[in-house]
Amino acid sequence: MSDRLSRRRFLRLSGAGAAGGSAGLLAACGDGGGGPAVAPGPDESDQADIEILNGVLDLELRAIEAYKTGAAQLTGSALEVVKRFLAQEQEHADGLSQAIEDMGGTPNEPKASYDFPQLRSQRDVLRF
């Protein structure tokens with residue numbers, strides 16, 4: 001008996017969910033009046049995700065700048081490795097920026113400057 005009630009409850013809730021979804025879909029279609037479509041902003045959950053992604057993006061942007069700064073002191077295989085890491089970090093930053101934009105957010109920009117130690121030699125860069 002309880003099994004039948006839970007199935008009924010499920011079907012009733014499914015119907016309500018479908019009706020609500022249909023109403024949302026119809027509302028999104030607009031009134032056909034030809035007015036400008038207004039894209040909704042990110043909801044509260046998306047906004048929290050955007051903030052997290054922007055925090056990760058900040059770390060990627062910092063790493064990119066660190067690799068660029070250090071590359072000036074590198075030669076040979078160390079420079080080649082840094083170039084590969086830099087390309088990977090740039091791909092990560094680009095992907096994060098795209099994800100943030102896809103969620104309706106604005107990706108953070110790199111800072112004007114970062115507080116890195118003085119990197120005067122290849123050894124300094126590799127230790128950093």
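Computation of the quantities below employed the complete heavy-atom set of this structure, encompassing side-chain atoms and omitting hydrogens, waters and symmetry-equivalent molecules.
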### Query
Checking side chain to side chain contact (heavy atoms under 4.5 Å, CB included) for the pair Lys111/Leu61: CA distance, chi angles, key distance, verdict?
CA-CA 8 Å; Lys111 292 183 179 182; Leu61 295 172; over 6 Å; no
### Query
So how far is it from Ile64 CD1 to Glu89 CD, rounded to the nearest 0.5 Å?
6.5 Å
### Query
Taking all non-hydrogen atoms of both residues, which atom of Leu126 and which atom of Ala78 are closest, and how far apart?
CD2-CB, 4.4 Å
## Note on the structure
Output for pair (Glu51 CD, Asp46 CG), nearest 0.5 Å, gives 11.5 Å
#### Entry: Distance, nearest 0.5 Å, that separates CZ of Arg84 from CG of Leu86
12.5 Å
### Closest heavy-atom pair and its distance - Arg120, Gln73
O-OE1, 3.2 Å
### Message
Applying side-chain hydrogen bond (donor to acceptor under 3.5 Å, both in side chains) to Gln90 and Asp94, what does each step give before you reach the verdict?
### Response
CA-CA 6 Å; Gln90 188 62 59; Asp94 293 345; 2.9 Å; yes
### Message
Please find the pair of heavy atoms, one from Gln122 and one from Leu74, that lie closest to each other, and give the distance.
### Response
CG-CD2, 3.3 Å
#### Entry: Same apolar cluster: Phe116 and Val82, side chain cutoff 4.5 Å
yes
#### Entry: Euclidean distance, Ser121 OG relative to Arg127 CZ, rounded to 0.5 Å
9.0 Å
### Spacing of Ser97 atom OG and His92 atom NE2 [to the nearest 0.5 Å]
12.5 Å
### Message
Quick check: closest heavy atoms across Gln118 and Asp124, and the distance to 0.1 Å?
### Response
O-OD2, 4.0 Å
### Task
Over all heavy atoms of both residues, which pair between Ile50 and Gly104 is shortest? Give the atoms and the distance, please.
CD1-C, 4.3 Å
### Query
Given Asn54, which of Asp49, Asn108, Leu96 fulfils the side chain to side chain contact (heavy atoms under 4.5 Å, CB included) condition?
Asn108
### Task
Report yes or no: do Met103 and Ile52 belong to one cluster of Ile/Leu/Val/Met/Phe/Trp/Tyr joined by side chain heavy-atom distances under 4.5 Å?
no
### Summary
Smallest heavy-atom separation, Leu57 atom then Pro107 atom, equals CD2-CB, 3.8 Å
#### Entry: In one Ile/Leu/Val/Met/Phe/Trp/Tyr side-chain cluster, 4.5 Å: Tyr114, Val125
yes
### Task
Could you state whether Leu59 and Tyr67 fall into the same hydrophobic cluster, counting links through intermediate Ile, Leu, Val, Met, Phe, Trp or Tyr residues with side-chain heavy atoms under 4.5 angstrom apart?
no
